[in-house]
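Notes follow the structure.
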Amino acid sequence: MDNAASTPVLDEVIQEMIPYLKDHYGNPSSLHTLGREASHAIMNARKRVGSLIGANHREIIFTSGGTESDNIAIKGAALYARKQNPEKNHIITSMIEHEAILEPCRDLQKKGFDVTYLPVRNDASLEPSVLEDAISQKKTALVSIMFANNEVGTIQPISQLAKISHDKGRNTIFHTDAVQAIGKVPVNVKSLGVDLLSLSSHKINGPKGIGALYIREGLKIDPLIHGGGQEFLMRSGTENVHGVVGFGKACEIAHQRSTEYQNKLTTLRNYLIDKVIDQIPYSRLNGVRDNRNPGNAHFTFFGVNGEDLIIKLDEHGIAASTGSACSVKRQRPSHVLKAMGFPYEEITGSLRLTLGIQNTKSEIDQTVSILSEVVKGLRLLSPFNSRHH
Ligand code: PLP
């Protein structure tokens, strides 16, 4: 129940990767047969990744994952734009982005950029006019707004936000972190009108440590890693061939089965939400109901601590989360729930359950019945109990 953190690698993906660890181990830059085999495999994967998001293969560069793609997009675009025009030193993002966006933005602030962190409504959606008001035609180099939030699943109106950025800004670049949306909702870079888009393999049943950045043809940004010039000069270093091959296969599968997967995740997710709200008193769904990432459910259970919940669920063999795995490590209350205006006790009483394509209805039944008992037990120990009984 924690598929937003990571997903199991499909057998079909593993089978495609193995030959590139054993027999076809060549360096893709080598001219001999071994090298050419590896280079051909990368090309094939590039086409598959491109197909999933409606991009040309030349517009895809492979990276080490979503975090690196976000860093290249933010720093590469902002630094290049400022080099061309020193007035372009303004970046706009939102308060609910993943740390892979927020931290590079904070780093650029130290390097003289102004960054605006847009507020969101209490369901985590962004009001497009708030973006419009923040754009400076002269100064805004880059706008980066995430597609689907990793904690509460809210989907933003990306095509509308990209259009506003292009219409109001002058040469303003629009990036979206689509790491959580890929494979769950239709994503097409051309109809969205975005310039840059980040993807990660391990969220769509591919291997970890591999991802991609879509860079619209004709757009120039600075590379962050310099060396042998791989990935169209944008990301030097010998390619992670077996990772690239696995990611390509995961994208092909996600593309072929997109309608089936999207319907399955939406149906299971709605079933989970209805059952939790129906069976567990003093519980609330956070975020939006409809415009929500298909696998995501996020609740507050009043009078319960989310971390206690996770430990108890884990004892029953259920993996869940209070939010983003990265913020948990930092031991900070969720910046997303804070931006949504939640008071402290509602932030600490929250639980994220995120479904994957391998989950079943009977696993959800089991989860809700255990969750219901665990919440009841924890409330008996909390001051909430005496107030409500
Ligand atoms: N962006 C979002 C929205 C995410 O949810 C994640 C992963 O949790 C990342 C970026 C980072 O991706 P990766 O784990 O591939 O570095």
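Throughout, residue positions are numbered sequentially from 1 according to the sequence presented. As the structure lists them, so they are numbered: ligands from 1, and atoms in each ligand from 1.
By the criterion of a heavy-atom distance under 4.0 Å, the side chain of His202, and not its backbone, is placed next to ligand 1. Within the 4.0 Å heavy-atom criterion, neither part of Glu68 lies near ligand 1. The side chain of Val179, and not its backbone, has at least one atom closer than 4.0 Å to an atom of ligand 1 (non-hydrogen atoms only; side chain from C-beta on).
Identified under the side-chain hydrogen bond (donor to acceptor under 3.5 Å, both in side chains) test for residues 47-62, with sequence neighbours left out: Glu16-Arg48, Arg48-Glu252, Arg58-Glu217, Glu59-Lys190.
Remark: ligand 1 and Gly66 share an N or O pair separated by less than 3.5 Å (distance only, no angle test).
Residues Arg284 and Glu346 are paired through a salt bridge, judged by an N-O separation under 4.0 Å between the basic side chain and the carboxylate. A salt bridge is defined here as a Lys NZ or Arg NE, NH1 or NH2 lying under 4.0 Å from an Asp or Glu carboxylate O, and Lys75 with Glu68 fails to meet this definition.
Heavy-atom separations between Lys203 and ligand 1 include at least one value shorter than 4.0 Å.
Using a 4.5 Å heavy-atom threshold, the side chains of Ile96 and Gln156 count as touching.
The two residues Ala320 and Leu353 make their nearest non-hydrogen contact at CB-CD2, 3.6 Å.
In the displayed structure, Lys275 atom NZ is contacted under 6.0 Å by more than 12 heavy atoms of other residues, nucleotides or ligands.
Counting the atoms of ligand 1 from 1 in the order shown, those under 4.0 Å from a heavy atom of Met146 are 3 (C). In summary, the atoms of ligand 1 found under 4.0 Å from a heavy atom of Asp70, numbered by their order in the structure, are 1 (N), 10 (C). For ligand 1, the atoms sitting less than 4.0 Å from at least one non-hydrogen atom of Ser200 are 13 (P), 15 (O), numbered in the order shown with element in parentheses. Proximity to Gly65 (heavy-atom distance under 4.0 Å) selects the following atoms of ligand 1: 15 (O).
For atom 10 (C) of ligand 1, the candidate residues are Thr63, Asp177, Asn149; the nearest heavy-atom contact is made by Asp177.
For the residue pair Ser6/Lys208, the side-chain donor-acceptor check at 3.5 Å is satisfied.
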